[in-house]
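Below, chain A is the first sequence line, B the second, and so on; all start at residue 1. In this text, all values refer to a predicted model and were calculated from it rather than measured experimentally.
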Amino acid sequence: MFNKKCKVISNHEIAPSIFEMVIENRDIAIEAEPGQFLHIKVNSGSDILLRRPISICEVNNDNITIVYQIIGKGTTQLSLVRSLEFIDVIGPIGNGFPIDKEKKCAVIGGGIGIAPLLELSKRLKNCDAYLGFKADAYKIDDFERYCDHVIVSTEDGSSGNKGYITDFMKHIEKYEVVYTCGPKIMMKKVKELCHVLPSVTCYISMEERMGCGIGACLVCTCKTINTDDSKWHYKKVCTDGPVFHAEEVELSD
Amino acid sequence: MFNKKCKVISNHEIAPSIFEMVIENRDIAIEAEPGQFLHIKVNSGSDILLRRPISICEVNNDNITIVYQIIGKGTTQLSLVRSLEFIDVIGPIGNGFPIDKEKKCAVIGGGIGIAPLLELSKRLKNCDAYLGFKADAYKIDDFERYCDHVIVSTEDGSSGNKGYITDFMKHIEKYEVVYTCGPKIMMKKVKELCHVLPSVTCYISMEERMGCGIGACLVCTCKTINTDDSKWHYKKVCTDGPVFHAEEVELSD
Amino acid sequence: MINMEVNIAGIKMKNPVIAASGTYGFGREYGQLIDLNELGGISVKGLTLKSREGNASPRIVETSSGILNSVGLQNLGVEYFLENELPFLRKYDLAVIANIAGNTEDEYCEMAKRIGNMVEGIELNISCPNVKEGGVAFGTSADMVFRITQKVKVNCSVPLIVKLSPNVTDIKEIAAAAEAGGADGISLINTLLGMAIDIHKRKPILANIVGGLSGPAVKPVALRMVWETANTVKIPIVGMGGITSSEDAIEFLLAGADAVAVGTANFVNPFAPIHIVNGIWEYCKKNNLKGVRDLKGMLIDK
Amino acid sequence: MINMEVNIAGIKMKNPVIAASGTYGFGREYGQLIDLNELGGISVKGLTLKSREGNASPRIVETSSGILNSVGLQNLGVEYFLENELPFLRKYDLAVIANIAGNTEDEYCEMAKRIGNMVEGIELNISCPNVKEGGVAFGTSADMVFRITQKVKVNCSVPLIVKLSPNVTDIKEIAAAAEAGGADGISLINTLLGMAIDIHKRKPILANIVGGLSGPAVKPVALRMVWETANTVKIPIVGMGGITSSEDAIEFLLAGADAVAVGTANFVNPFAPIHIVNGIWEYCKKNNLKGVRDLKGMLIDK
Ligand SMILES: Cc1cc2nc3c(=O)[nH]c(=O)nc-3n(C[C@H](O)[C@H](O)[C@H](O)COP(=O)(O)OP(=O)(O)OC[C@H]3O[C@@H](n4cnc5c(N)ncnc54)[C@H](O)[C@@H]3O)c2cc1C
Ligand SMILES: Cc1cc2nc3c(=O)[nH]c(=O)nc-3n(C[C@H](O)[C@H](O)[C@H](O)COP(=O)(O)OP(=O)(O)OC[C@H]3O[C@@H](n4cnc5c(N)ncnc54)[C@H](O)[C@@H]3O)c2cc1C
Ligand SMILES: Cc1cc2nc3c(=O)[nH]c(=O)nc-3n(C[C@H](O)[C@H](O)[C@H](O)COP(=O)(O)O)c2cc1C
Ligand SMILES: Cc1cc2nc3c(=O)[nH]c(=O)nc-3n(C[C@H](O)[C@H](O)[C@H](O)COP(=O)(O)O)c2cc1C
Ligand code: FES
Ligand code: FES
C-alpha cells in the first residue's frame with residue numbers, strides 16, 4: 001500500500017455518467033490485485049473531505065484503469081480532473097479475489113459492479129462473464145477479449161438480452177467459483193443460487209461508506225457470520241474485504 | 001446593484017502575485033462608479049464560503065477590470081479561473097469617490113490600493129497620481145494616460161523614486177481634493193498631511209472583512225466620528241463606504 | 001396543487017422559508033436583489049430597547065464551511081424599527097417577526113408591549129452569544145428560560161417564538177422549559193460559540209475574541225437539535241443552522257421543523273431562499289405530497 | 001536548536017503531536033504509510049473492559065468540512081490490547097496513551113488497574129457520544145466528572161488525562177471538576193453530537209441515528225473551548241478538533257494547549273501529523289522561539 005500523487009493519463013466518459021480514468025504509478029500497479037481498490041482524494045479543499053473508494057478495473061504495466069459512475073459531488077469532482085494533472089491516491093487496498101486458474105469460473109457483474117471483474121477475468125483461465133446493465137452497456141469488448149463466453153443483458157434490451165442478468169444464468173452448477181459485484185439485490189440472488197450448490201464457491205465484493213479506507217477507523221463494517229461457531233462479528237470492508245466469501249457476509253438492507 | 005454570472009474575458013498575472021481580470025457585464029458596467037466594488041464568489045463549494053470584495057479598477061464599455069493581489073485561499077482560487085468561464089458577481093456596491101471635475105486633485109495609492117484610483121483618474125480632469133509600491137510597479141502606463149503628472153516610488157528603488165510615496169508629496173496644499181487608498185499606515189499619513197490644510201478635502205477608501213457585502217449584516221463596520229456633535233458611530237464599510245471623508249473615519253490599529 | 005402554506009403557532013406564511021435574524025437586516029438590501037414577496041417571512045435584525053453600537057471590528061471570520069460573527073446586536077432600537085423599517089416591510093406580502101433581545105427581563109417585556117400586534121410574531125432572542133449582559137445568559141438554564149418565557153408571554157399580543165442557543169448540554173430540557181413557560185413556538189439554532197486566532201499577530205481575529213459559528217459547518221448539530229426538540233415538544237419549530245439548499249431544508253422539515261430559516265447562505269447566494277422554496281415544492285410533487293406540512297413526522301427513525 | 005519536546009502531566013513526548021483516539025487504530029495501518037517514530041504519541045482506539053461489536057452500519061457520513069461517525073467503541077477489549085497491540089507499538093519511539101471507556105465507574109477503575117504502568121498515560125473517555133450507557137453520560141455534569149475522575153485516579157499508576165465532551169453548556173465548569181477530581185491533564189474536544197438525513201429514503205443516514213461530528217467544521221468550537229479551559233485550569237491540555245495543518249495546531253497551542261491531537265485529518269492526508277510537526281518547528285524558528293512550550297500563553301487576548 002502506498003500514498004502517491006499519480007499522474008492522470010486520461011479521463012473521459014465511456015457511457016452516460018460512466019467515466020474511465022487511467023492513472024500512472026508503478027508501485028501501485030505492481031502490487032495491484034483484482035478486487036482491490038484505490039482511496040482517492042478528489043479535490044484539495046475541505047469541502048469534499050473524505051477520499052472516495054474506487055476499484056481497480058485493469059492494470060497495464062504502470063497504468064491503472066478505474067471506471068466510475070457519477071453519483072454525487074465526489075465523483076463529479078473526479079470527472080473534472082484533466083489529463084496530466086495529479087491526483088492523490090492511497091492503494092492498492094484490501095483483499096482481492098482469490099484466484100485459482102485451474103477452476104471453471106464465472107464473473108457476474110451488475111452496472112458499475114463490472115469494473116473490478118475485468119482485471120480478474122484477465123488473470124483467470126476458464127472464465128465466463130455475465131454482465132447486466134440498466135441501459136447502456138460498456139467494456140463488453142474487453143471482457144470478450146479475456147473470457148470464454150460473455151453474456152450481456154440490459155433492462156431496456158438495448159444490448160444483449162432484455163432483463164436482469166440473473167435471469168440468464170441457467171447452469172450455475174457448471175462453475176466451481178463464482179465472483180460477483182454489483183447491486184445488493186443482484187448479489188443476494190447470486191448468493192442464493194450458489195448457496196444451494198455445495199460445489200460452487202461464491203465470492204462477493206462489498207461496499208460500505210469509508211473513512212480512513214485502510215483499516216484504522218472501523219467505520220466501514222459489515223456483518224459477518226463465522227461459519228464455524230455461527231457467531232456474528234463486524235468486519236471491515238476496507239481491509240478484511242472488500243471481497244468476502246458469500247457465506248460469510250450478511251447482505252441485509 | 002445586480003447579482004450576475006459574468007463571463008471572464010481574461011485573467012492573468014501582471015506583476016508578481018498581482019492579477020488583472022476582465023469580466024463582461026453590461027448592467028454592472030453601466031452603473032459602476034470609481035471607488036465602488038464587486039462582491040465575488042470565487043468557487044462553488046462551501047469551503048471558501050464568503051464572497052470576496054474587490055474594487056472596480058476600470059470600466060470599458062461592457063467590460064470591468066479588476067486588479068487583485070494573491071493574499072490567501074480566496075484570491076488564489078480567483079486566480080485559477082480561466083477565460084470564458086463564468087463567475088458570480090454582486091455589484092456595483094457602495095459609495096464611490098465624489099467627483100468634481102473642476103477641482104485640482106491628487107490620487108495617492110499604495111500597492112494594490114492603486115486599483116480603485118485608475119477609473120477615478122480617468123473621470124477626473126486635473127489630476128496628479130502618486131503611486132507607491134514595495135517592489136514591482138504596475139499599471140503606471142494607464143495612470144500616465146489619464147493624469148497630468150504621475151509620481152512613482154518603490155521601497156527598493158526598482159522604479160521611480162526610492163522610498164515611501166508619502167515622502168514625495170511635497171506640495172499637497174496645491175490640491176483641492178485628495179483621494180487615497182492603500183495600507184492603513186499610508187492613509188493615516190495622507191490624512192494627517194491634509195488635516196492641517198483646511199483647503200484640502202481628503203477621501204479615504206476603507207477595507208473591512210465582509211459578510212453580505214450589501215449592507216444587511218453589519219459585520220463590516222468601522223468607527224466614524226460625527227464632525228457636528230463629535231459622537232462616534234459604527235458605519236458599514238460596504239454601503240456607507242467604502243469611501244469616507246477622511247475626517248469622518250478613525251484609522252486605528 | 002401543492003400547499004406550501006404553514007402556520008407557525010398562529011403566524012401564517014405562504015411558504016415555510018424565513019430569512020434568519022441578523023443576516024437580512026430589515027429586508028431593504030436583499031430587496032434590491034430578490035423579490036421579498038417570495039419569502040414566507042423575515043425575522044428582522046435583533047432589536048434592543050435602546051439603540052446599540054455593537055462590538056468593535058473585525059466582527060467576522062471565515063472558517064471551514066462556516067463563519068464566526070460578533071456583531072453584538074448593533075441596531076437603532078425598537079422604536080426606530082417600528083417607525084422607519086416596519087413600514088417598508090409592510091409593502092410586501094410576508095410575515096414579519098420581531099427578534100428582540102434585552103439586558104433584563106423587564107426590557108424584554110417592555111419591548112414586547114411596545115411592539116404590540118404590529119408584527120405577526122415575536123422571536124425571543126435569549127441566545128445571542130455576542131453580548132455581555134442578557135442574550136445567551138437567559139438561554140442556557142431551563143429555569144431561566146421558563147421564567148423569562150412566562151414573563152414575556154403575558155406582555156405579548158402576538159405569537160411568541162423562543163429562540164434557543166445550541167451551547168447547552170441538553171436542548172430537550174431547555175425546549176421543554178420554553179414550552180412550559182408558554183412559548184407558542186421554538187426556533188433553533190442560534191450560533192455555536194467559537195473562536196479563531198491570527199497566528200502571525202498572535203491575537204484572536206475577532207475584536208470580541210469569541211463569536212458565533214453559523215453556516216454549513218453547523219448543520220449536523222442544528223439538525224440533531226431540531227430532531228431532539230421535535231421529539232420533546234408539541235409546539236411548532238422553526239429550524240435553522242447551515243441551510244443552503246432545498247435538500248438541507250427538507251432534512252430539517254423531516255426532522256420535525258414546521259418552517260426553516262436561512263441565514264448565512266444569503267451571503268453566498270441571495271437567491272438561496274427562493275431556490276429552497278422551489279426545491280421543497282418539487283420534492284413534495286415528486287413524492288406525491290399534498291403539502292409541505294406532510295413532511296413533518298415522515299422521518300422513519302424508530 | 002528548537003526544543004519540540006513537551007511534558008504533558010508527566011507524559012514525555014518528543015513533539016506535541018498525538019494521533020487522536022479512534023482515528024488511528026493501534027497504529028498498525030498508518031504505520032504502513034508513515035514512520036510512527038515521527039509522532040509524539042498515539043491515543044489508541046477506545047478500549048472497553050470486554051470486547052464490543054459497536055454500532056450497525058452505516059457508521060459515517062460526510063458533512064460540509066466534517067464527518068459524523070457512530071462507531072460505538074468497537075474493540076477487542078483491554079486485555080487483547082495489552083497482549084496483541086501494545087507490543088507492536090512498543091517497537092516505536094512514541095508515547096502510548098490508553099483511551100478507556102466503561103459502562104460503569106467500576107469498569108473504568110478495573111481497566112485502569114489492569115493497564116497499570118504498561119503505557120505512558122491513560123485517557124479517560126467520558127465523552128463518547130455513540131454508546132448508550134457510560135461514555136458521554138459521565139461527561140456532562142460537573143459532579144459526575146469530579147466523582148469518576150477521583151475514583152479512577154486512585155487506580156492509576158500513570159498520568160490520567162480526562163477527555164471532555166463539547167456537548168455541554170459550560171466547559172469551564174467541567175474542566176474545573178476534572179482538575180479538582182485529580183486529573184493530571186485534560187484533552188478536548190471529543191465529537192459534537194450531530195445528525196444527517198437521507199431525504200430520499202426519509203431515514204437518518206447513520207444506523208445509530210446520531211453520531212459525532214469531527215473535522216475542520218468543528219475547529220472554531222474546539223479552539224474556543226481549549227481557550228476557555230486554559231483560562232480555567234492549571235493542568236496541561238491536549239487540544240484537538242479539526243486540526244488539519246500546522247497553522248491550525250499553532251492556533252490551539254497559542255490558545256493554551258500544551259499538545260495537540262490529529263484525528264479526522266489523517267483520513268484525508270496520512271502525512272498530516274508529520275507536516276504539522278514540521279510546520280510548528282518552522283513557526284518557532286521564524287519567531288525566534290526556543291521551543292514549542294513557549295507558545296502557550298503567548299496569545300494577546302487581554
Ligand atoms: C470497495 C469499494 C469499491 C468501489 N468501486 C467503485 C468503482 O469501481 N466504480 C464506482 O463508480 N464506484 C465504486 N464504489 C462506489 C463509490 O465509492 C461511490 O459511488 C462514491 O464514493 C460516491 O461518491 P460521491 O461523492 O459521488 O457520492 P455521494 O453520495 O455524494 O457521497 C457521499 C458519501 O457517501 C459515500 N458513498 C456513497 N456511495 C457509496 C458507495 N456505494 N460505497 C461507499 N461509499 C459510498 C461517499 O464516499 C461519500 O463519503 C466503490 C465503493 C467501495 C466501497
Ligand atoms: C471594499 C474593498 C475593496 C477591495 N478591493 C481590492 C482590490 O481591488 N484588489 C485587491 O487585491 N484586494 C482588494 N480588497 C481586499 C480583498 O478583499 C482581500 O485581499 C481578499 O478578500 C483576501 O481574500 P483571501 O481569501 O485571498 O485571503 P484570506 O486572508 O484567506 O481571507 C480570509 C478572510 O478575510 C477576508 N479578508 C482578508 N483580507 C481582507 C481585506 N484586506 N479586506 C477585506 N477582507 C479581507 C477575506 O475576504 C476572507 O473572508 C478589497 C477589500 C475591500 C473591503
Ligand atoms: C451576522 C449574523 C448576525 C446574526 N444576528 C442575529 C440576531 O440579531 N438575532 C438572532 O436571533 N440571531 C442572529 N444570528 C443568528 C442567525 O439568525 C441564525 O440563527 C444562525 O446564523 C444559524 O443559521 P445559518 O447557519 O443559516 O446562518 C445572526 C447570525 C449572523 C451570521
Ligand atoms: C471514527 C472516529 C472514531 C473515534 N473514536 C474515539 C474513541 O474511541 N475514543 C475517543 O476518545 N475519541 C474518539 N474519537 C474522537 C477523536 O479522538 C477526536 O476527539 C475528534 O475526532 C476531534 O478531532 P478531529 O476533528 O481531529 O477528528 C473518534 C473520532 C472519529 C472520527
Ligand atoms: S474505512 Fe477505516 S477501517 Fe475501513
Ligand atoms: S458586509 Fe454585511 S453590512 Fe457590510
Exercise. Tell me the residues of residues 221-231 of chain C whose non-hydrogen atoms fall below 4.5 Å from those of chain D, in number order.
Key: C:Val221, C:Leu223, C:Arg224, C:Trp227, C:Glu228
Quiz item: So which of C:Gly242, C:Pro216, C:Gly215 has the biggest tally of heavy-atom pairs under 4.5 Å with chain D?
Solution: C:Pro216
Quiz prompt | Approximate separation, where rounding is to 0.5 Å, of D:Ile209 CD1 and C:Asp301 CG | solution = 5.0 Å
Quiz prompt | Nearest-0.5 Å distance that lies between atom NE2 in C:His200 and atom CG in D:Asn287 | solution = 8.5 Å
Quiz prompt | Rounded distance [0.5 Å steps], CD1 in C:Ile300 versus CZ in D:Arg202 | solution = 5.0 Å
Quiz item: Relative to chain C, which segment of D:Ile250 carries a heavy atom at a distance below 4.5 Å: side chain, backbone, both, or neither?
Solution: both
Quiz item: Just by distance, with hydrogens left out, do C:Ser65 and D:Ser65 show a side-chain donor and acceptor under 3.5 Å apart?
Solution: yes
Exercise. Could you have a look at D:Asp198, D:Ile197, D:Thr63, D:Val61 and say which one has the most heavy-atom pairs with chain C under 4.5 angstrom?
Key: D:Ile197
Self-check item: Proximal component of D:Ile199, with respect to chain C [non-hydrogen, under 4.5 Å]
Solution: both
Quiz item: Going from CD on C:Glu173 to OG1 on D:Thr169, what distance comes out if it is rounded to the nearest 0.5 angstrom?
Solution: 8.0 Å
Quiz item: Side chain, backbone, both or neither: which part of C:Leu68 has an atom under 4.5 Å from a heavy atom of chain D?
Solution: side chain
Self-check item: Among D:Pro204, D:Pro220, D:Gly66, D:Gly194, residue most engaged with chain C (heavy-atom pairs, under 4.5 Å)
Solution: D:Pro220
Quiz item: Among residues 265-285 of chain C, which residues come closer than 4.5 Å to chain D, judged by heavy atom distances?
Solution: C:Tyr283
